[in-house]
Amino acid sequence: MLFTSWSFIFFIILLTCVNYILPVRYRWILFLISSLFFYALSGVAGLIYLSAAALIIWVLALVIEDRRNKGRDELKTVLADASSDEKKAYRQKIKKSIGVVRFAGILMLVALLFVFKYSKSLFPSLFDEGSGDGFLRFAVPMGISFYTLSAIGYLADVSNNKYGAEKNPLKLALYLSFFPALVQGPIARFGELKDTLFEPAPFDGGKVMEAALRIAWGYFKKIIVADRIAAAVAVLQKDPGTYTGMYSFLLIVFYTVQIYADFTGGIDITIGTAKALGVRLAENFDHPFFSRTLDEYWRRWHMSMGSWFRDYVFYPVSASKALLKVAKASRKRLGDGFGRRLPVYISTLLTWALTGIWHGTTVNFLVWGLLNGIFIIIGTEIDPLSRKLHERHEGLRDNTAFRFLQASRTVALTAALRLFDLAPDPMTTVKRFISIFTVSNAGEVLGGGFSALGLSVYDLVIIAAGIAVMFAVSFMNRDMSVYEKLRKRGFIYPVIAFALLIVAVIIFGAYGTGYDASQFIYNQF
Amino acid sequence: MDKMRKCASVIIVIAVSLLVLYLAQCLVVPKYMSGVLEGGMTREYYEEELPHDVIFIGDCEVYENISPITLWEEYGMASYIRGSAQQLIWQSYYLLKETFRYESPKAVVFNVLSMKYDEPQSEAYNRMTFDGMKPSYLKYEAVKASAMEDEDILSYFFPILRYHSRMAELTDEDIRYMFRRDRITHAGYLMRIDVKPMTKLPMAPSLPDYSFGEVCFDYLEKMRELCQENGAELILIKSPSLYPHWYPEWDEQVREYAEEKGLIYINYADKLDEAGIDMSTDTYDGGLHLNLSGAEKFAKQIGAMLIDNCDIPDRRGEPAYDRCWKEKSDFYYDMIERQKKELEEFGYLKSWTLGK
């Protein structure tokens, strides 16, 4: 069921109504049933996999908790009079035993992710894609990348005693399968989500209005901007040999607009849907295009993914025995400056390599991830120079023009790196990028190139207007949500805004026959 | 009071939004007032003042080949053609079912060419048939039976959901006909006075299977039952167009069905001489459809058959019918003059076609 389909809209309206009829303590059951129904629509096989994975994770988390509790009890009873060395050794033993279970669970999840998501790209000959050559045949379960991360995070948090293991397997299944967040995130943490997921907020007309406005805003971004520009991006992407020079530049600009409108729009619909049901999902974006540096950008774009890789990859790798050894050696050989930073850079590169691989199965994504890591490292290395500059020119940091320049540089860098999303291999990406500076075809593009891409003047006007509205709303949203601002002006203003968005989507949206009812870009990750 | 005010303001916002959407919809829906006129035919039925004694139902082989004005002038027969481009048999069934809600004709004449299609053919033809149909559960059923795989049924009831993309291609016609339409047919007949003789009949390609689909016979049977329930005589015809080809194997299947059910079936394609139809003067597109001359000849022929077989009253002399059909006749002869003028001026019917 596509988020942009009528069936989804009717589904959430119906679900919201039923939700508030039920007593609060039973609502999670409704969420579970509707999530499983939503999931089953994409394939029953995927549902079986999800259920099995949830069951195994549930058992493993209980085993982890049981071992920890037993260990604690033994320390208080049997080992109460033992020496501190004996107690320490026992604690180590328990920790190791918990680590083994956690490792087994994570290994299983990663292995399944590898089998379902990556094996087809790595071993195409094993798969029967109608040619009859291979013998394997299965579809990638919907949202596997997202719930794999959620499940790993849950296991890691339980083993680190951040919260107790969930006793009810159905509740854990709900956490892993909660349908609004299943297809494209945000990657919700169990500790943050469980309270409102299992005991959602009671009916609040204002909250439901806010949710409706958020959903309508998501549709505005997705259907008016992202889907209108999608056809042009598809044309440019498909033929890197023909569309070089200015076309490559256009591809960067268009894709940046598309992915922003598509992904943030999708997350608006996700968060709005959850909010309408009384469930609070964490925000996933914080005005990323206002970021001064790449590092800051990744703290503001797809925040749940960034924080997941930071907490479950970067920190554990940085604190691992192997890297601590490297840190010791590098400080000794390279000194306290670069020698101290080197292990952090290794962790950074490893984290970004995994982030890239998580996004896609081709080498392009690995290169994209590594380049992000490298640019962040470069940013860290030149930070002292930047600080000196700011010390000399004190007002520079708050200078609007300078901030705009920094934000533009960040946007340009991230946009250029996204070219890797759009080509089959890194060489094609590099050639495409270089062609911007070597191929002179601006005249051709301006003299009819847009219509060749399927974009009429009308389309360009709608896209430009859509971008202007997105920018204005984003700007207004910086200190307080637009909903709050409207609500403060009067009860009717959010209603008017909602009506305007719906009318705009219906009249100016790119949907229906003649348009590809495109999936959200992040569904594929 | 505060609650009342809040409710009132929400209602006003909703009403204004719906009004804006309605106006936008009026603007963007195709008007079918020039070029492709066929999409405007279904709608015109609802403007009929008086009931009809004969309803013709089917595709272009009825709405291009029979002149109800001639039927009136020759026999005093009040008839109407509920036809649209490539009207599939289930579309005919639902349109007929709807017709019985409005009136009780004595005879229903169904052209059997559409028996050859047992699945939806194209969105464009679906739209031309249903864009003008009044919203009802019947319409929902008809659209559901006809929609192609990627079509959105809801958009047949809220056409802005389909035609919003026309915003980029609006013409003067869209503004001019935003809230009104001109009449384009003569009791469902789409007139063409120009002539394009049939030079040769294309070879009929052989088919792997000549059997009509089961679904077509199901709907034919439903039509028969519907007519029976409503006291109307169902008559099956094959209109006198020479192609698309009407194979003997197809003819035989319809003949067998008609015999089994006790229905009249006449293949008028075999009776061109009897009507005096000459494909060198009576067709405007080389034998596919008849022009005005052919349609008038065929109307005389089929009118005589209806008089012989059904109890069709002569309504001439009834003041309401005389007034109503006088208006129709005036419009008919006025259009003949306008088409003649265009033919003289441009050499082709500029307002009635997409071009030369």
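A, B, ... follow the sequence lines: proteins, then strands. Residue 1 opens every chain. All of these numbers come straight from a predicted model, not from anything done at the bench.
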Q. By ring-ring contact (aromatic ring centres under 6.0 Å, His included), which residues pair with B/F158, not counting sequence neighbours?
A. none
**Q.** Structural part of B/A168 lying under 4.5 Å from a heavy atom of chain A
**A.** both
**Q.** More than 12 heavy atoms of other groups within 6.0 Å of B/E47 CD
**A.** yes
Q: Tell me whether the guanidinium CZ or amine NZ of B/R127 lies under 6.0 angstrom from the six-membered ring centre of B/Y156 and within 45° of its axis.
A: yes
Q | Per-residue contact mode, B/L154 against chain A (heavy atom under 4.5 angstrom) | A | side chain
Q) Heavy atoms, side chains only, cut-off 4.5 Å: are B/I57 and B/N111 in contact? A) no
Q.
I'd like to know which of A/V457, A/I496, A/L500, A/I506 tops the heavy-atom pair count under 4.5 Å against chain B.
A. A/I506
Q) Quick one: what part of B/S155 sits under 4.5 Å from any heavy atom of chain A, side chain, backbone, both or neither? A) neither
Q | B/E64/B/R192 ion pair, N-O < 4.0 Å | A | no
Q: Mark yes when over 12 heavy atoms from residues, nucleotides or ligands other than B/Y22 sit less than 6.0 Å from its OH; otherwise mark no.
A: no
Q | A/I507 portion near chain B, given a 4.5 angstrom heavy-atom threshold | A | both
(Q) For chain A, which candidate among B/V10, B/D150, B/V20 shows the most heavy-atom pairs at distances under 4.5 Å? (A) B/V10
Q | Under 4.5 Å from a heavy atom of chain A, the part of B/Q25 involved | A | neither
